[in-house]
> 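Here it is: the structure, laid out below.
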Amino acid sequence: MPTSGGTAPGLADPASAGQLGGHLDGVAVRSRWERPRHLLAWSAAAAVLFACYLRLSGTVPVNSDGASIALQASDMLHGNLLLHGWWLSDVSFFTTELPQYALLELAFGLHPGVVHVAGAMTYTLVVLLAALLAKGKARGAAGTGRALIAAGIMLAPQLGGGAFILLLSPDHVGSTVPVLAAFLILDRAPRRWYVPVSVAALLAAGLLADRVVLVTGVLPLGVVWWARTYLGAARQRRPRGPQWYQLSLGAAALASAAAAWLAQVALHAAGGYQLARLGRLSTLPVSQIPGVLYADAQAVLLLFGGDFLAQPTGLLTGMALVHLAGAALAGWAVWTGARRWLREPDLITATLVAAVFINVVAYLVLIHNGVIFGAREIVAVLPFSAVLAGRLLGARLARPRPRSLALLLLACYLACLGYAVAQPPVPAADQQLADWLAARHLRSGLAAYWQASRTTLASGGRIQVSPVCATKNRFSVEKWESKASWYDPRIQDARFLILGQATCNYATAAQARSAFGHPAGTYQVGPYTVLVWPRNLLSLVR
């Protein structure tokens with residue numbers, strides 16, 4: 001009812017309205033500046049992280065894996081977009097790192113630094129995407145804390161093996177980028193028709209580049225969709241048809257696999273690159289299980305920067321032990337998510353938990369390499385578990401005492417990163433060899449895989465060193481990250497052979513003489529022996 005002398009219902013007092021208007025104006029001003037301020041903060045973080053990771057990447061030398069990708073990208077820049085005539089490894093990187101390398105080479109040219117720049121760019125992007133995904137829809141201090149937890153766990157890769165896996169050659173790190181981007185869209189975008197379409201496109205692109213996306217993105221999303229649709233209905237004991245959005249996510253997972261397969265078939269039909277077959281599955285002898293499990297555990301520690309087992313005593317051991325706290329937080333988050341997985345309301349959390357378990361189980365069951373650098377096969381576990389730590393442990397770590405400990409740990413990680421950045425860079429691998437060959441006008445030759453492409457890259461592509469595999473009395477074509485035209489005697493005139501560590505075995509001078517005859521000259525260049533003949537050796541390579 002209206003009251004005497006009062007205002008009409010729904011209208012505020014003039015003085016109150018003025019105060020409210022001023023408050024709303026303040027909110028509007030803050031909202032107007034909030035987004036540019038956040039964008040500036042994220043851009044500054046990206047620039048600082050990239051500079052640090054570029055420096056850290058330079059502490060490990062480029063090998064032939066990264067060099068081969070650089071040479072493939074160079075070939076694409078020269079018109080061979082489908083990589084006709086190339087024999088690749090079991091991973092193509094066709095829609096992930098290869099375009100990145102091509103753009104970098106277009107800007108900076110062909111040299112080993114491209115591999116370092118690309119590695120630093122990729123890991124910076126992975127860290128930022130993980131931080132954004134960990135932040136989720138939380139705002140203010142809560143969102144910042146969640147992002148810092150995820151980024152902090154990934155902040156300081158371990159010197160040596162950690163930098164080699166995370167910051168150098170394409171080795172499944174870049175394959176997490178489209179998966180994280182797809183999960184970020186699922187987390188942030190409204191439930192619209194274009195969301196499953198975008199997710200399917202990103203997963204298909206990642207799967208075309210690297211089949212590991214099957215266990216890091218496609219299967220986890222499919223498993224979560226199935227669990228939510230069917231197990232949820234069974235527990236409620238009443239029929240429940242899946243909503244269109246959940247059904248579309250399951251369809252997106254299936255569609256991404258189908259699209260990647262069709263694209264690969266089309267590339268093959270068009271004369272594109274050839275992928276190596278995946279290794280055959282084999283059972284592991286019982287006697288080897290303890291050694292393999294030990295190496296697998298060490299590989300996980302290496303991912304989180306906590307591999308203290310391979311470090312000399314002293315500062316490096318202390319740095320590794322500090323990183324065990326981050327690994328513990330990640331493990332705690334994964335365990336927390338797994339315990340409530342079936343009743344987890346958050347789609348992204350449930351999918352990340354499934355992704356970690358599927359990736360680890362596939363690694364343990366299918367891959368028995370028993371070496372620490374097998375960590376590259378489960379590299380997605382690092383960002384996924386870091387995101388889970390931010391999303392699931394952020395509220396607990398925001399309490400006063402845990403927050404103080406978390407900030408202290410972050411300061412220690414920053415100190416570890418600073419120490420790593422202060423280390424001197426190493427020279428490009430085989431640069432001395434490339435310079436020696438160029439000075440003697442030796443433009444084409446042969447070597448084992450681990451010397452071939454990186455020597456070619458060190459020369460800026462001016463010298464073509466083709467990989468070969470040594471057998472008892474001959475040398476054969478190495479159909480792994482190589483190109484058929486490299487072995488055509490009508491195109492290449494290979495006059496030298498570099499003896500060093502071989503992919504198939506260790507070649508000797510006696511094997512070289514048996515296959516090619518006595519050389520006209522034998523030279524020692526650093527750790528390598530270079531044999532030179534007056535004729536084209538490719539006519540004798542099979």
Side-chain angles (χ1 to χ4, degrees), residues 90-93 95-96 126 129-130 133 171-187 195-232 242 245-264 275 278-279 281 296 300 303 330 333-335 337-338 340-342 344 346-367 374-388:
D90 53 2
V91 182
S92 73
F93 305 111
T95 50
T96 50
V126 171
L129 285 173
L133 191 57
D171 221 350
H172 306 305
V173 178
S175 304
T176 63
V177 170
V179 178
L180 287 170
F183 291 168
L184 190 61
I185 291 174
L186 280 177
D187 189 45
V195 171
V197 173
S198 302
V199 169
L202 285 167
L203 292 181
L207 192 55
L208 179 62
D210 188 352
R211 286 173 281 198
V212 78
V213 174
L214 184 66
V215 296
T216 61
V218 176
L219 283 180
L221 187 59
V223 166
V224 170
W225 164 76
W226 178 81
R228 285 175 174 251
T229 302
Y230 294 100
L231 294 184
Y245 190 71
Q246 290 185 354
L247 182 61
S248 68
L249 294 181
L254 294 175
S256 65
W261 180 79
L262 289 174
Q264 189 63 64
L275 273 181
L278 293 173
L281 303 182
D296 292 345
V300 173
L303 280 181
V334 172
W335 175 247
R340 65 188 199 193
W341 188 73
L342 288 178
E344 174 59 59
D346 181 37
L347 173 66
I348 295 301
T349 298
T351 304
L352 288 171
V353 171
V356 169
F357 275 93
I358 292 173
N359 200 186
V360 170
V361 170
Y363 176 69
L364 293 176
V365 173
L366 302 179
I367 301 176
R376 65 183 185 272
E377 304 290 347
I378 51 170
V379 71
V381 170
L382 174 61
F384 289 176
S385 58
V387 171
L388 287 172

> The test is side-chain contact (heavy atoms from CB on, under 4.5 Å); show your working for L247 and W225 and say whether it passes.
CA-CA 7 Å; L247 182 61; W225 164 76; 4.0 Å; yes
> Are the side chains of V381 and V300 in touch, meaning some heavy atoms are under 4.5 Å apart?
no
> Verify side-chain contact (heavy atoms from CB on, under 4.5 Å) between L388 and V353, making sure each step is shown before the conclusion.
CA-CA 8 Å; L388 287 172; V353 171; 3.8 Å; yes
> Drop me the distance from L133's CG to I185's CD1, to the nearest 0.5 angstrom.
11.0 Å
> Which heavy atom of A362 sits nearest to which heavy atom of V215, and what is that distance?
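Looking at all heavy atoms of both residues, the shortest contact is CB-CG1, 4.3 Å.
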> Mind checking whether Q264 and L275 have side chains closer than 4.5 Å, heavy atoms only?
yes
> For A227 and W341, which heavy atoms make the closest approach, and how far apart are they?
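Answer, listing the atom of A227 first, then W341: CB-CH2, 3.6 Å.
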> Side chains of V334 and F357: closer than 4.5 Å at any heavy-atom pair?
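Of all side-chain heavy-atom pairs linking F357 with V334, at least one is under 4.5 Å.
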> Start with the C-alpha gap between L186 and T351, add the side-chain angles, then the distance that decides, and say whether side-chain contact (heavy atoms from CB on, under 4.5 Å) holds.
CA-CA 11 Å; L186 280 177; T351 304; 5.7 Å; no
> I need the L203 CG to L214 CG distance, nearest 0.5 Å.
10.0 Å
> If you look at every heavy atom in A209 and V91, which pair is closest and at what distance?
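Distance-wise, the nearest heavy atoms are O-CG1, 3.2 Å.
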> Just verifying a value: how many Å separate L254 CG and L249 CG, rounded to the nearest 0.5 Å?
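If we round to the nearest 0.5 Å, L254:CG and L249:CG are 11.5 Å apart.
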> With a 4.5 Å cut-off on side-chain heavy atoms, are D171 and V379 touching?
no
> Evaluate the side-chain proximity of L180 to F384: yes if any heavy-atom separation is below 4.5 Å, no if none is.
yes
> Do L221 and V199 have side chains that approach each other closer than 4.5 Å (heavy atoms only, starting at C-beta)?
yes
> How long is the straight-line distance from CZ of F93 back to NE2 of H172, given to the nearest 0.5 Å?
6.0 Å
> Is L202 close to V179 at the side-chain level, that is, under 4.5 Å between some pair of heavy atoms?
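The answer is no, as the side chains (C-beta and beyond) never meet within the 4.5 Å cut-off.
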> Between S248 and P196, which heavy-atom pair has the shortest distance, and what is it?
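Minimum heavy-atom separation between S248 and P196: OG-CG, 3.5 Å.
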> Are the side chain of T96 and the backbone of S175 linked by a donor-acceptor contact shorter than 3.5 Å?
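Checking the backbone N and O of S175 against the side chain of T96, no donor-acceptor pair under 3.5 Å is found.
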> What's the separation between atom CG in L208 and atom OG1 in T95, rounded to the nearest 0.5 Å?
4.5 Å
> Considering non-hydrogen atoms only, spot the tightest contact between A380 and P383 and give its length.
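Nearest pair, atom of A380 first, then P383: O-CD, 3.2 Å.
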> If I compare all heavy atoms of A260 with all of A204, which pair ends up nearest, and what's the gap?
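Closest heavy-atom pair between A260 and A204: CB-O, 3.7 Å.
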